[in-house]
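Numbers restart at 1 for each chain; the letters A, B, ... are given by sequence-line order, proteins then strands.
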Number of protein chains: 2
Amino acid sequence: MEIPQLPKGYTKDELIEPRTKLSESNLKSMLRSMNLKVTNQRLSILKALNKGPKSHVTAKDVFESIRSDYPHIGFATVYRFLKETSRFGITSELRIGHAPARYELKVREHHHHIVCTQCGKIVEFQNEIIERQIKKISKDHQFFLEHHIFELYGRCNRSSCK
Amino acid sequence: MEIPQLPKGYTKDELIEPRTKLSESNLKSMLRSMNLKVTNQRLSILKALNKGPKSHVTAKDVFESIRSDYPHIGFATVYRFLKETSRFGITSELRIGHAPARYELKVREHHHHIVCTQCGKIVEFQNEIIERQIKKISKDHQFFLEHHIFELYGRCNRSSCK
DNA sequence: ATAAAAATGACAATCATTCTCATTAGGCTT
DNA sequence: AAGCCTAATGAGAATGATTGTCATTTTTAT
């Protein structure tokens with residue numbers, strides 16, 4: 001029995017619920033709390049992460065969505081900043097198969113993803129039991145836990161995905 | 001509070017317990033069960049995955065470990081085959097940060113990893129409670145589950161890692 | 001306003017992974 | 001055992017995401 005591969009990219013038309021919008025001053029204080037200077041480019045990147053409809057965006061998505069405001073923005077700037085925010089835990093980086101990394105703002109509750117390997121739909125979920133087990137496991141192995149990745153892959157219930 | 005990044009590569013000196021060796025005929029029947037032709041290159045790749053001391057190896061590791069037998073082996077062959085085996089569920093692919101993908105033979109019980117972000121040590125663990133929750137979650141969301149990724153990252157208890 | 005430090009952006013470089021395609025080898029059939 | 005069909009290999013180029021470099025610009029503390 002052959003296990004199907006993830007599609008190269010996500011479909012563009014699968015939306016998940018847009019997340020809460022953060023105000024500009026929220027975004028600014030995020031930056032200050034990281035001891036990072038407040039620049040318009042960075043605010044734009046944060047806004048691009050924060051605005052719907054897609055909540056899990058690639059560096060390229062961000063790049064393209066702020067190009068209208070900053071025609072000279074470089075990929076380096078986008079990548080550098082996404083990496084910085086993920087180091088600080090402001091964003092999280094989703095790595096799925098060999099597709100480009102996707103980033104999301106961690107403004108919502110801690111959650112995980114279940115991804116449809118056919119249509120690319122992403123659904124978020126939380127599970128307290130699993131979180132408790134994670135704490136237990138790291139304690140048992142004497143690890144000081146920094147972060148974790150937990151992603152489920154399968155086929156959603158759309159007829160075209162079965 | 002800044003969350004440290006994973007080191008670019010794993011340290012080479014952290015060993016985890018070598019896994020059970022598979023006989024050549026085991027490996028051959030693995031290939032036959034996938035309807036893949038039995039070639040010496042493929043057997044070598046499987047052996048490279050199966051032999052210790054590292055159980056989580058990159059395509060490059062494999063490439064280098066079989067170069068003595070096949071000086072003309074190409075990366076395409078290695079990647080192609082690793083991808084194939086992972087599609088068939090014979091190997092699993094570990095993607096950690098932006099480091100190259102690591103592969104392991106799925107000859108042992110299903111398990112997950114806890115990875116030290118300082119020294120690269122990888123410890124395997126199992127957790128029945130989590131597995132049950134995974135089944136529940138996919139049922140709740142009406143997903144037919146194909147596979148899942150679950151990796152914990154932190155610092156192990158070695159003094160140099162704290 | 002000014003200086004020090006950090007951020008930006010143009011562009012090149014890196015490097016893992018994939019593609020192409022001519023050649024070779026595996027595993028049937030006879 | 002020879003031949004055929006098809007899959008597998010490997011040489012090399014191509015791709016594409018990500019990172020590095022460094023001169024220039026911007027931010028922010030003073």
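- Overall, the helix from dA1(C)-dT30(D) to dT30(C)-dA1(D) carries an axis bend of 40° between its ends, with five pairs at each end and the value rounded to 10°.
- Within the 4.0 Å cut-off from OP1 or OP2 of dT18(C), not a single side-chain nitrogen or oxygen of Tyr79(B) is found.
- Arg95(A) has a side-chain polar atom (N or O) that falls below the 4.0 Å cut-off from OP1 or OP2 of dT18(D).
- Side-chain nitrogen and oxygen atoms of His72(A) include none within less than 4.0 Å of the OP1 or OP2 phosphate oxygen of dT8(C).
- Phosphate proximity of dA6(C) to Arg80(A): absent, as no side-chain N or O sits under 4.0 Å from OP1 or OP2.
- Phosphate contact (OP1/OP2 of dG10(D), side-chain N/O of Gln41(B), threshold under 4.0 Å): present.
- The nearest whole Å value for the distance from the NZ atom in Lys37(A) to the C1' atom in dA29(D) is 9 Å.
- Aromatic ring pairs are classed by plane angle as parallel below 30°, tilted from 30° to 60° and perpendicular above 60°; the pair His112(A) and His148(A) is tilted.
- Nucleotide dT26(D) holds its P atom 19 Å from the CG atom of Leu36(A), rounded to whole Å.
- One can place CD of Glu93(A) at 14 Å from P of dA17(D), the figure rounded to the nearest angstrom.
- When rounded to the nearest whole Å, the span between CE of Met34(B) and P of dA8(D) equals 10 Å.
- At the phosphate of dT9(D), OP1 or OP2 sits under 4.0 Å from a side-chain N or O atom of Thr39(B).
- In this structure, His98(A) does not reach the dA17(D) phosphate: none of its side-chain N or O atoms is under 4.0 Å from OP1 or OP2.
- Rounded to an integer number of Å, the gap from Leu31(B) CG to dG26(C) P is 13 Å.
- Inter-residue side-chain proximity for Glu151(A) and Arg95(A) is flagged as unmet; no heavy-atom pair is nearer than 4.5 Å.
- Atom-to-atom, CD of Glu84(A) to C1' of dA7(C) comes out at 9 Å; the value is rounded to the nearest Å.
- Mapped onto DNA chain C by nearest heavy atom, Asn40(B) and Asn40(A) fall at different nucleotides, with Asn40(A) at the one closer to the 5' end.
- One finds the CG atom of Leu36(B) at 5.0 Å from the CZ atom of Arg42(B) (value rounded to the nearest 0.5 Å).
- For Arg32(B), no side-chain nitrogen or oxygen approaches OP1 or OP2 of dG26(C) to under 4.0 Å.
- Distances shorter than 4.0 Å separate some side-chain N or O of Thr77(B) from OP1 or OP2 on dG10(D).
- Atom CG of Leu152(A) and atom CZ of Phe125(A) lie 4.0 Å apart (nearest 0.5 Å).
- When the C1' atom of dT8(C) is taken as reference, atom CG of Leu43(A) falls 15 Å away, rounded to whole Å.
- Rounding to the nearest 0.5 Å gives a distance of 4.5 Å between CD1 of Ile122(A) and NE2 of His56(A).
- Put simply, CZ on Phe144(B) and CG on Asn157(A) are 13.5 Å apart, with the number rounded to the nearest 0.5 Å.
- The distance from the CG atom of Leu105(A) to the OG atom of Ser86(A) is 12.0 Å, given to the nearest 0.5 Å.
- Side chains of Gln41(B) and His72(B): a donor-acceptor N/O pair is absent below 3.5 angstrom, by distance only.
- For Pro71(B) and Arg42(B), each mapped to the nucleotide of DNA chain D holding its nearest heavy atom, the one lying further toward the 5' end belongs to Arg42(B).
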